K.L.:
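Just passing along the structure, written as structure tokens.
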Amino acid sequence: MRSAQSLRTLSLTTARRLALSRQHLAGNRAAGPARFLDVVRDLCCLQLDPTQVVARSHLLVLWSRLGAYPLADLESFIWKERQLFEYFAHCASLVLTEDFPIHRARMRHFTAGSSLREQQAARWLKDNAGFRRYIVAELRRKGPLPSDAFEDRSRAGWRSGGWNTGRNVNQMLELLLGHGHVLVAGRVAGQRLWGLPEHCLPGWTPRDVLSVRDAVRLAAQRSLRALGVAQAAHIRRYFVRDTYPGLPDALNDLEAEGRILRVRLRDGSRDMPGTWYVHAEELPLLDKLEAEEGSWEGRTVLLSPFDNLICDRARTEALWDFRFRLEIYVPREKRQYGYFVMPLLHGDRMIGRVDPELDREHGRLNINAIHVEEHAARSAEPARAVASALKSLATFVGARELHYPGPVPKAWRRALVAGA
């Protein structure tokens, strides 16, 4: 292990730019037939969320990186080419079919853990073995089906104290999904069609059987490369979130093999606390970022509240000095910024939050408020780029006009209104 004196030192600015470059939020946008694959390979996953105040989150995550794209192309990429499938990563997510061996390792042990919830799920599956066999048999006989096509043949109802208590068909399907016995074969009007793996995965799907140790090693490296620079806790909370058994030993082994390296992060005159890593394969990019510091090209984009860059709130605060919290479940009168607030990235800084809402009936994207960080509040410099980003978002979601019914920074108003 290298001494603290010999560690490579990265400035906070370089660390941010490495993260943004790895997340496809800097430089030229990916283009061509492989654009979706290029982005998702580097992000590892796209979190799914049903909220559609503006658009569904995974659509916005890709828009932030690619600009406007035909939704039909993405549908084909997912459901015809089968490059992605739905599984658990950042909660429910779209994950790469080529990463199936990593997820398969989790499937084998999905309810084998020691937590009370995992023990409850394992008992419930055992008690309802006949119910499980019935669902699998129906899918084998009829092909993909929606959840309402199944009878509730449970012997004992699912009880959780939450919204899914008594929703036995849905709970059985979710647990079978966790184990990989069923997968999502498609969606009709947002409703999932359930199928057997042979209905959902292409013939080229890799079928390697990885040990848990090897799966953790692969996932940890994928996570670190997606983040650019990260601590062990950040790696654990990314990609296959909280499913990294033995991560400390895996990181030690990877460091000993030279696959990952420790670095020191420096914020001005102080070292940032904790142990930070970069992947050895990112060293050429790191060298380039430091050599071309003055010519680095960032972007001005809005980020989904569930965006991969900011999904770890503690890391977002550490690297960007930006505190971001979801307020979807906060009562209206207690919200500080808004219901579906999208962080505003400008270059390598987070400069504010936008509270948008799509009025589909009138084809209007309402900007209910723009809240700007103190360091950007008095400058009109970002306003034109922000106006362009908002116009791009309006076009992507099908709005014919932008409307600003709420507060916006005084220094930005002229450029925003002109851009509308």
Side-chain angles (χ1 to χ4, degrees), residues 45-53 55-59 75 78-79 82 84-95 97 100 103-104 106-201 240-243 305-306 311 326 328-329:
C45 60
L46 300 171
Q47 181 175 334
L48 294 170
D49 188 86
T51 309
Q52 298 195 67
V53 174
R56 293 192 67 190
S57 179
H58 67 288
L59 305 181
E75 289 293 298
I78 299 171
W79 302 117
R82 297 287 179 178
L84 306 178
F85 69 98
E86 294 190 23
Y87 195 62
F88 302 108
H90 288 50
C91 310
S93 300
L94 288 165
V95 297
T97 303
F100 183 73
H103 302 289
R104 190 181 193 181
R106 183 180 186 183
M107 292 172 180
R108 295 200 308 272
H109 304 281
F110 189 71
T111 55
S114 59
S115 73
L116 292 177
R117 181 176 178 80
E118 288 171 319
Q119 291 175 8
Q120 178 195 10
R123 288 194 301 270
W124 192 77
L125 281 172
K126 183 177 180 180
D127 292 342
N128 287 286
F131 186 22
R132 172 180 56 79
R133 288 193 295 269
Y134 154 71
I135 286 182
V136 172
E138 285 290 281
L139 292 174
R140 181 168 290 116
R141 185 166 64 93
K142 298 179 180 179
L145 296 168
S147 60
D148 58 13
F150 301 102
E151 300 173 14
D152 182 353
R153 296 191 180 182
S154 58
R155 289 184 58 197
W158 176 263
R159 301 189 64 82
S160 69
W163 67 274
N164 56 348
T165 292
R167 295 166 57 95
N168 300 316
V169 170
N170 285 333
Q171 185 62 28
M172 178 59 76
L173 288 167
E174 291 288 344
L175 290 175
L176 290 176
L177 171 64
H179 281 284
H181 299 318
V182 305
L183 295 173
V184 179
R187 285 180 178 263
V188 177
Q191 184 179 16
R192 290 181 289 187
L193 292 178
W194 298 91
L196 299 178
E198 53 263 36
H199 300 144
C200 307
L201 296 173
V240 291
R241 181 179 292 173
D242 295 330
T243 314
F306 305 98
C311 61
L326 285 172
I328 290 175
Y329 304 109

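The residues of the chain are indexed from 1 along the displayed sequence. From a predicted model like this one, the values you see are computed outputs, not experimental measurements.
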K.L.:
Could you tell me whether the side chain of H181 reaches within less than 4.5 Å of the side chain of P197, counting heavy atoms only?
P.N.:
no

K.L.:
As a quick check of understanding, evaluate side chain to side chain contact (heavy atoms under 4.5 Å, CB included) for F110 and E118, giving each step before the final call.
P.N.:
CA-CA 8 Å; F110 189 71; E118 288 171 319; over 6 Å; no

K.L.:
Go through the steps to decide whether L139 and F150 satisfy the test side chain to side chain contact (heavy atoms under 4.5 Å, CB included), and finish with yes or no.
P.N.:
CA-CA 10 Å; L139 292 174; F150 301 102; 3.6 Å; yes

K.L.:
Working to the nearest 0.5 Å, report the span between CG of D152 and CH2 of W158.
P.N.:
14.0 Å

K.L.:
Is there a side chain to side chain contact (heavy atoms under 4.5 Å, CB included) between T51 and R56 once you walk through the steps?
P.N.:
CA-CA 6 Å; T51 309; R56 293 192 67 190; over 6 Å; no

K.L.:
Looking at F131, is R153 sitting on its ring face, NZ or CZ under 6.0 Å from the six-membered ring centre and within 45 degrees of the normal?
P.N.:
no

K.L.:
So, for C311 and H90, which heavy atoms are closest and what is the spacing to 0.1 Å?
P.N.:
SG-NE2, 3.2 Å

K.L.:
Is E86 paired with R187 through a side-chain N to carboxylate O contact shorter than 4.0 Å?
P.N.:
yes

K.L.:
Heavy-atom distance under 4.5 Å between the side chains of L177 and W194, does that happen here?
P.N.:
yes

K.L.:
Does the ring centre of Y87 sit less than 6.0 Å away from the ring centre of F100?
P.N.:
no

K.L.:
Determine whether a donor-acceptor pair (N or O, by modelled atom type, separation under 3.5 Å) exists between the side chain of R106 and the backbone of H103.
P.N.:
no

K.L.:
Where do F306 and S57 come nearest, in terms of heavy atoms and distance?
P.N.:
CB-OG, 3.3 Å

K.L.:
For T111 and R123, run side chain to side chain contact (heavy atoms under 4.5 Å, CB included): C-alpha distance rounded to whole Å, both residues' side-chain angles, the deciding distance at 0.1 Å, then the answer.
P.N.:
CA-CA 9 Å; T111 55; R123 288 194 301 270; over 6 Å; no

K.L.:
Supply the atom-to-atom distance R159 CZ to N168 CG, rounded to the nearest 0.5 angstrom.
P.N.:
10.0 Å

K.L.:
Working to the nearest 0.5 angstrom, can you tell me the gap between Q47 CD and H58 NE2?
P.N.:
11.5 Å

K.L.:
How many angstroms lie between atom CG of D49 and atom CD of Q52, to the nearest 0.5 angstrom?
P.N.:
9.5 Å

K.L.:
Which pair of heavy atoms, one from R192 and one from V184, lies closest together, and at what distance?
P.N.:
CD-CG2, 3.7 Å

K.L.:
Identify the heavy atoms of R82 and C200 that sit nearest to each other, and give their distance.
P.N.:
CD-O, 3.2 Å

K.L.:
With rounding to the nearest 0.5 Å, note down the distance linking CD1 in I135 to CG in L175.
P.N.:
10.0 Å

K.L.:
Any side-chain heavy-atom pair from H199 and L196 closer than 4.5 angstrom?
P.N.:
yes

K.L.:
Run the side-chain donor-acceptor check on residues 140-147: report pairs under 3.5 Å with partners two or more places apart or on a different chain.
P.N.:
unit_1 : atom_1 : unit_2 : atom_2 : d
R141   : NH2    : E138   : OE2    : 2.7
K142   : NZ     : E138   : OE1    : 3.0

K.L.:
So, do Q119 and L116 sit near enough that their side-chain heavy atoms are less than 4.5 Å apart?
P.N.:
yes

K.L.:
Would you mind reporting whether L176 and R132 have side-chain heavy atoms less than 4.5 Å apart?
P.N.:
yes

K.L.:
Counting N and O atoms only, with roles assigned by atom type, does the side chain of Y134 sit under 3.5 Å from a partner on the main chain of E151, one being a donor and the other an acceptor?
P.N.:
yes

K.L.:
Please report the shortest heavy-atom distance between N128 and R155, naming the atom on each side.
P.N.:
OD1-N, 2.6 Å

K.L.:
To the nearest 0.5 Å, tell me how far L94 CG sits from L48 CG.
P.N.:
4.5 Å

